[in-house]
Protein chains: 2
Amino acid sequence: MSDDSTPQRPFRDGPSHDALPPVAQHARQYETVRNAHETELIEDYVELIGDLLDHRGEARAADIANRMAVSQATVSKMIRRLNELGLVTSQPYRSLFLTDEGRKMAQTSRGRHDIVLHFLRALGVPDSTARIDAEGMEHHVSDETLAIMQRFTDEKDA
Amino acid sequence: MSDDSTPQRPFRDGPSHDALPPVAQHARQYETVRNAHETELIEDYVELIGDLLDHRGEARAADIANRMAVSQATVSKMIRRLNELGLVTSQPYRSLFLTDEGRKMAQTSRGRHDIVLHFLRALGVPDSTARIDAEGMEHHVSDETLAIMQRFTDEKDA
DNA sequence: CAACCAATTTAGCCTTGGCTAACAATGCGG
DNA sequence: CCGCATTGTTAGCCAAGGCTAAATTGGTTG
Ligand SMILES: [Mn+2]
Ligand SMILES: [Mn+2]
Ligand SMILES: [Mn+2]
Ligand SMILES: [Mn+2]
């Protein structure tokens, strides 16, 4: 079996690289990312539905499709999945509602999203860029880092 | 067609939410994330192959599989894709090499990755958490934000 | 140098998340 | 209350990225 166990550099005078992390730790990095990818789209849908309900009073599939820049068919299919996951309730051809679990997820996701967005702004990133970056970053920030971002923003805003 | 154009709150005394962004801007957020998802796995492979070549002198499929915590079959299939994309060269059953384009992508990705990782550490995030977060975040940080992170790290380290 | 073991590849399967085209229901304007 | 535009659903397609099982190759060792 291929070794890859004892970190060593064949050339002592090459450019100064950081050493590779141990295999187990390295593997955990990628696993964590793959896990995040499994839930992030779900979170974005639920969060958006919650926002639409809060701001508009209703969440219609057409609005979701427009905001996500995705076809109505894609939204319809995803709504079926959200239903199976117990996150939304919906009667055919009518507006959506979140279950208790869905509301909880929406709140959590919105919270993370806001912390990341406000952090980026506090760091000096212009709003429109901060919004774009936050949409992707939010799913990959650990609770630990999130707390640090929150603290940074609070101090900056004080 | 469903309106969703004039941002308005039905209840003036609800909890204070940020307003929804305009539809076009909101859509661009999600589009950008979808685009990043199309390239991020490729980037991770190429970056890892570059690291293995630098640190070990060779990049074997089994090592990639171990480090990514993925089956060898998955790696083999992905290598075919990287080949088709002109990022690696490989003879069957032998170690991998990067093309010029592959080396360029590896360098760019490694650069982004390091900036994000060093930024998180400068922010006070413990190393092992910073590594995990950086692995996911790196693909969603704009050049603009990256520059700001770089500056922050430099000042902190000075 | 034969045999075995590790590494690699291939085949075939699955889920997710996109799409288009065709069809069905809703709900208004007249 | 009818007709028609808008909205929502369904069917069927595709690519990406995982997996297991089986076949193949290559290297090492007795
Ligand atoms: Mn979000
Ligand atoms: Mn998001
Ligand atoms: Mn990386
Ligand atoms: Mn990565």
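Note that this is a predicted model, so its numbers are computed, not measured. Quick note on labels: first sequence line is chain A, next is B, and so on, each numbered from 1.
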Go through it in stages, so that I can follow the logic: the residues are B:N83 and B:S90, the test is side-chain hydrogen bond (donor to acceptor under 3.5 Å, both in side chains), and I'd like the CA-CA distance, side-chain angles, deciding distance and then a yes or no. CA-CA 8 Å; B:N83 239 304; B:S90 63; 2.8 Å; yes
Do B:L85 and B:V46 share a hydrophobic cluster, counting only Ile, Leu, Val, Met, Phe, Trp and Tyr and linking them when any side-chain heavy atoms are less than 4.5 Å apart?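 B:L85 and B:V46: one cluster.
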Side-chain N or O of B:R60 less than 4.0 angstrom from OP1 or OP2 on C:dT8?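 Affirmative; the distance criterion is met.
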Looking at B:T74, does any N or O in its side chain come under 4.0 Å of the phosphate oxygens OP1/OP2 on D:dC19?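 For D:dC19, OP1 or OP2 has a side-chain N or O of B:T74 closer than 4.0 Å.
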Whole-Å distance between [N] [atom2] and [X] [atom1]?
{"X": "B:D44", "N": "D:dA16", "atom1": "CG", "atom2": "P", "result": "17 Å"}
{"X": "A:E58", "N": "D:dG8", "atom1": "CD", "atom2": "C1'", "result": "14 Å"}
{"X": "B:R94", "N": "D:dT24", "atom1": "CZ", "atom2": "C1'", "result": "17 Å"}
{"X": "B:N35", "N": "C:dG18", "atom1": "CG", "atom2": "P", "result": "11 Å"}
{"X": "B:E40", "N": "D:dG18", "atom1": "CD", "atom2": "P", "result": "10 Å"}
{"X": "A:Q72", "N": "C:dA22", "atom1": "CD", "atom2": "P", "result": "17 Å"}
{"X": "A:N66", "N": "D:dG8", "atom1": "CG", "atom2": "C1'", "result": "13 Å"}
{"X": "B:E38", "N": "C:dC19", "atom1": "CD", "atom2": "P", "result": "11 Å"}

Indicate, with a heavy-atom threshold strictly under 4.0 Å, whether B:A73 touches base, sugar-phosphate, or nothing.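 Answer is base: heavy atoms of B:A73 come under 4.0 Å of a base.
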B:R34 near the nucleic acid: base, sugar-phosphate alone, or nothing, with a heavy-atom cut-off under 4.0 Å?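 Sugar-phosphate contact only - B:R34 comes under 4.0 Å of backbone atoms but never of a base.
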Where do B:Y30 and A:L48 land on the side-chain contact (heavy atoms from CB on, under 4.5 Å) test, with the steps shown first? CA-CA 11 Å; B:Y30 295 114; A:L48 175 55; 4.0 Å; yes
What's the closest nucleotide to the [X] side chain, out of [options]?
{"X": "A:L41", "options": "C:dG17, C:dA11, D:dG18", "result": "C:dG17"}
{"X": "B:Y93", "options": "D:dT24, D:dG8, D:dT10", "result": "D:dT24"}
{"X": "A:Y45", "options": "D:dG8, C:dA11, C:dG18", "result": "C:dG18"}

Set of residues satisfying salt bridge (charged side-chain N to carboxylate O under 4.0 Å, His left out) with respect to B:D157, sequence neighbours excluded: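 None.
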Given DNA chain C, 5'-ward residue of the pair A:I42 and B:A61, judged by closest heavy atom: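 Result: B:A61.
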Near DNA chain D, counting only heavy atoms under 4.0 Å, which residues of residues 77-88 of chain B show up?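 Nucleic-acid contacts, sorted: B:K77, B:M78, B:R81.
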Would you say A:N35 and A:E31 are linked by a side-chain donor-acceptor pair, where the criterion is simply a distance under 3.5 Å?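 There is no such pair (donor and acceptor under 3.5 Å, judged by atom type) between the side chains of A:E31 and A:N35.
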Once you measure the plane-to-plane angle for B:H140 and A:H140, does it fall in the parallel (<30°), tilted (30-60°) or perpendicular (>60°) bin?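 Parallel: the ring planes of B:H140 and A:H140 meet at under 30°.
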Using side-chain heavy atoms (C-beta onward) and a distance below 4.5 Å, is B:Y45 in contact with B:V88?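 Sidechains of B:V88 and B:Y45: no contact.
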